[in-house]
Amino acid sequence: MTSTVNGSDVQQSTTGAEERPILEVKDLEVAFNTQEGKVTAVDGVSFTLYRGQSLAIVGESGSGKSTTAHAIINLLPGTGHIAGGQILLDGQDLAKTSQRDMESIRGRKIGFVPQDPMSNLNPVWSIGFQVEEAIRANGIATGRKEVKARAIEVLKQAGLQDADRRLKQFPHQFSGGMRQRVLIGMGLAADPQLLIADEPTSALDVTVQRVILDHLESLTRELGTTLLFITHDLGLAAERAEQLVVMYKGKVVESGPSLQILQNPQHPYTQRLVAAAPSLASRRIQATGSVSAAEASMSEDAAAAAGDTIDLIATAEARHEAVEAAASKAPAIVVENLTKVFKIRGSGEFTAVDDVSFQIPKGTTMALVGESGSGKSTVAKMLLKLEDATSGKIIVGGKDLEKVSRSELFELRSRMQPVFQDPYGSLNPLRNIGNTIAEPLYTHKVGDTASRRARVLELLDQVSLPRTLVGRYPNELSGGQRQRIAIARALALKPEIVVLDEAVSALDVLVQAQILRLLADLQAELDLTYLFITHDLAVVRVIADHVAVMQKGRIVESATTDEVFDNPKEQYTKDLLAAIPGANLKLGA
Amino acid sequence: MPSNTRPSQAHYVAPIEETPLVAIDSVKAEGKPSNLWTDAWRDLRKRPMFWISAVMIVILVIVALFPTLFTSVDPRYCQLSLSNQGPGGDSLLGYNRQGCDIFARIIHGTSTSLAVGLIVSFLVALLGVIFGAFSGFYGGWLDAVLSRIGDIFFSIPYILAAVVVMSVFSQYANVWTISLAIGAFAWPATARVLRAEILRVKNADFVMAATALGVSRFRILLRHVLPNSIAPVLVITTISLASAIVAEATLSFLGVGLPSTTMSWGNDISQAQVDLRTNPQTLILPSIALSVTVLSFIMLGEVIRDALDPKARAQR
């Protein structure tokens, strides 16, 4: 018994003996010095973590979740510094520990798994060298043979079965999932008491993500390692951690046991987050009864504060009715036996898209789902004629894309518009919003200056952005706002078809939900046909009418959304569905 | 799992007044619009280095355009009886070997240096942008041809090339020909930098979006790619202006530059070299004028480069 456990209803854990928390963060404050003065990124964050537990910090970009993690291991970037509070690791205050002492704590007491497996391994050194370096730095083993033996052991533990053979290989010879395994192995090399994993799987495909997380979970349980998770995905956090800390703008808004928070979110922000999380929403559609219960639980002032609360369920239900009517109409897009073969220097040919066929009825949404490398984006590019097909047919609005003349293609382009994934890259940073949205009108010589301006303002209204943005530049807008501008630009010529290539993947959940609703509203209003390219099955449920699942260039399963979700035929589809984080959580039961 | 929860980890909810919600994705509408160029300008205005170099350059331009405002002495009126006389009397800086007023010659030589600098940097920017933009944007055989041409010119040091050209065509030597000789060999560095920038920018999503809109290739180059890759060219051009001034002085010093009848700092330095030990000021004074001018442009280039680089800006 120690002073940290106080008072009345002390609930002893079954294992007993370790009442002292392994990590205790008290009123942590982290600040950055900028040109505009001191900016507080983390403000009064407190949480406690006991041995063998797992805790997840959840928040959107800019919420301070990663900064908190970096403060714990004293690796704050740039001008960041701990401005107040305590970080107690086994009673030792890390906020007051010198850099040199910190070096011996990192690795040995606290392991760290970084976010991006692609850039966190040095490409010029072999995997073996890098793992051995970590082992030597932590003084776990000395002597070449011991270090090498330990490196192999660490990698095997992390799930690389043929580790002894692969030690000499370089990072580029490893897939993303395997690199993340290496990083996890390195983080756990010195058998630390605490492992901090900063978005360990967000750069990976869902099925790989699931395998890695399963492995991480069993490994930490086996070794008795305490796990601190940083993630933006509420579903994933709730599924993988016992404890949740929800952060918002540098502050903790809600914390406690995961299920309790998920089933009964109290703070309006958490309520919004739970309502908007597509992975959770997709479960809640089936359990229609529980929806109203969750909504009723929102207190009245909270509902008022969250005036723009997003309800994906209502959106999804409205869509269902529209689809049935559309089924009888002529298809807007017909793709037949589409194949794309890339010639690779040295190693022959690579079939990116293999005999793909589908149809999209006018006014409906078709989702093309697949993991990275499945060829889904290549299909989109061929449809937009940014890439030529090797063989097969694409018929848009009755015209065969292969046979159109230059002027016909120019005309077709006005009827088919793309929205790309990265809202930071898809707008020219040197052109203001007004000119960006007006460019399609200008290119296709629609109207005069005055009517173009009027159309731009109308489009800004349509995507719910203030008209004052006309004279501003993309760098002044957030990701969600930029994506709205990209949508407005795509709609400028009143197209019939919009190709959305991962259009919401780079956005925070709340913003994502907003954009999804905007897309649904626009579809209903303008009778748009969407081809929705995504890796995220959770999003598909709320936006798509038909789903085609792609794997290695082929469509493995294609059916209506309900069929695919409720009754998947192919093992691959089942795997994908099972891998949706939070899919196994029972809510509101 | 609940059995694992300790009392200090009970469900906690922050008071709503301490963590007020803002509307999702609220728009900031106050303040002036900002993009790369307006941001850079705002940043420049705060830098003393920028103002120092800008004021010096403005003074130099005024001196070059209206030399008689600064001296009424005729720089061509030279009396051998005054040869190498020190400052005093009518003369601020004394006289050179020919008995010409040093101050008047420095003032009147300014326009030559600036003219050479401006013409050369214009040529370098023009050739560099044409070669760099076309080879980077269109790629393929055009890139191969244009890049090889650039490599050929790059492999010859431009000072050496200008020396050869100017000594062959010495009878035509004037400000224009010397600028042409320097500019014709100094552009490949600019072209290479721009080509690299264009290669980076042309893969941006906004270029793909414009292509999907049906915007023509050339228009994409002009409207989207070039404006986003021109910033480094601006920096190099400013600095190349300084090196062109040095190159002109070097050529004149070597005797293959401007004819001795043209007033130029390079010529004055060249003619003063015999008196370096007895009357060093006749050489040092025009050299100082040269250094100050070159320094002004290099400082301007450096400060513009810092302002245009958002990363460098954030670190300050």
Side-chain angles (χ1 to χ4, degrees), chain A residues 4-6 9-11 13-14 35 48 50 53 242-243 248-249 251-257 260-261 266-269 302 305-308 384 386 410 413-414 417-418 420 422 425-430 432 439-440 443-444 465-466 468-469 471-473 475-476 478 480-481 489 510-511 514, chain B residues 1-16 18-39 43 46 201 203-216 219-220 223-228 230-231 310 313-316:
Chain A
T4 51
V5 180
N6 53 354
D9 57 343
V10 177
Q11 194 181 1
S13 85
T14 44
Q35 268 182 302
T48 317
Y50 289 86
Q53 278 189 328
E242 302 154 17
Q243 291 281 320
Y248 174 64
K249 297 205 181 296
K251 292 185 172 171
V252 173
V253 294
E254 197 158 349
S255 66
Q260 215 171 319
I261 289 187
Q266 295 291 317
H267 194 277
Y269 176 74
D308 44 358
L384 291 164
L386 296 171
F410 185 69
R413 288 210 189 283
S414 72
Q417 283 296 306
F420 296 108
D422 179 11
S426 59
L427 304 176
N428 184 343
L430 291 178
N432 69 28
E439 183 165 36
T443 307
H444 288 267
L465 284 175
T468 49
L469 283 187
R472 300 202 161 259
Y473 291 88
N475 62 327
E476 302 175 83
S478 72
Q481 289 161 2
R489 173 176 61 187
L510 290 182
V511 179
Q514 253 186 352
Chain B
M1 270 194 286
S3 66
N4 225 348
T5 300
R6 312 302 199 283
S8 60
Q9 297 177 321
H11 197 156
Y12 159 84
V13 183
I16 177 78
E18 276 176 31
T19 49
L21 286 183
V22 289
I24 301 169
D25 242 5
S26 53
V27 181
K28 87 161 202 276
E30 70 277 9
K32 288 199 184 109
S34 80
N35 63 20
L36 177 72
W37 298 105
T38 57
D39 283 353
D43 184 65
K46 285 188 233 151
V201 174
N203 289 320
D205 275 355
F206 61 79
V207 173
M208 214 194 319
T211 312
L213 276 178
V215 182
S216 71
R219 219 184 133 73
I220 289 177
R223 273 300 186 93
H224 295 289
V225 178
L226 211 46
N228 280 294
I230 208 73
R313 216 169 33 228
Q315 274 165 10
R316 286 194 320 127

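Predicted model, so just to flag it, every value in this text is computed and none were measured.
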Rounded distance [0.5 Å steps], [atom1] in [X] versus [atom2] in [Y]:
X         : Y         : atom1 : atom2 : value
Thr443(A) : Leu213(B) : OG1   : CG    : 5.5 Å
Arg413(A) : Thr211(B) : CZ    : OG1   : 7.0 Å
His11(B)  : Ile261(A) : NE2   : CD1   : 4.5 Å
Ile220(B) : Asn428(A) : CD1   : CG    : 11.0 Å

Taken in chain and number order and not counting sequence neighbours, the residues that satisfy salt bridge (charged side-chain N to carboxylate O under 4.0 Å, His left out) with Glu439(A) are Arg431(A)

Note: Asp205(B) and Phe420(A) closest approach over all heavy atoms is OD2-CB, 3.8 Å

Contacting moiety of [X], where chain B heavy atoms sit under 4.5 Å:
X         : result
Pro418(A) : side chain
Thr48(A)  : both
Ser426(A) : both
Tyr269(A) : both
Gln417(A) : side chain

Is there side-chain contact between [X] and [Y], with at least one heavy-atom pair below 4.5 Å?
X         : Y         : result
Leu36(B)  : Pro429(A) : no
Tyr12(B)  : Glu254(A) : no
Asn475(A) : Asp39(B)  : yes

So, the part of Arg219(B) with a heavy atom under 4.5 Å from chain A: the answer is side chain

One option among Pro15(B), Pro227(B), Ser216(B), Ala212(B) has the most heavy-atom pairs under 4.5 Å with chain A, and it is Ala212(B)

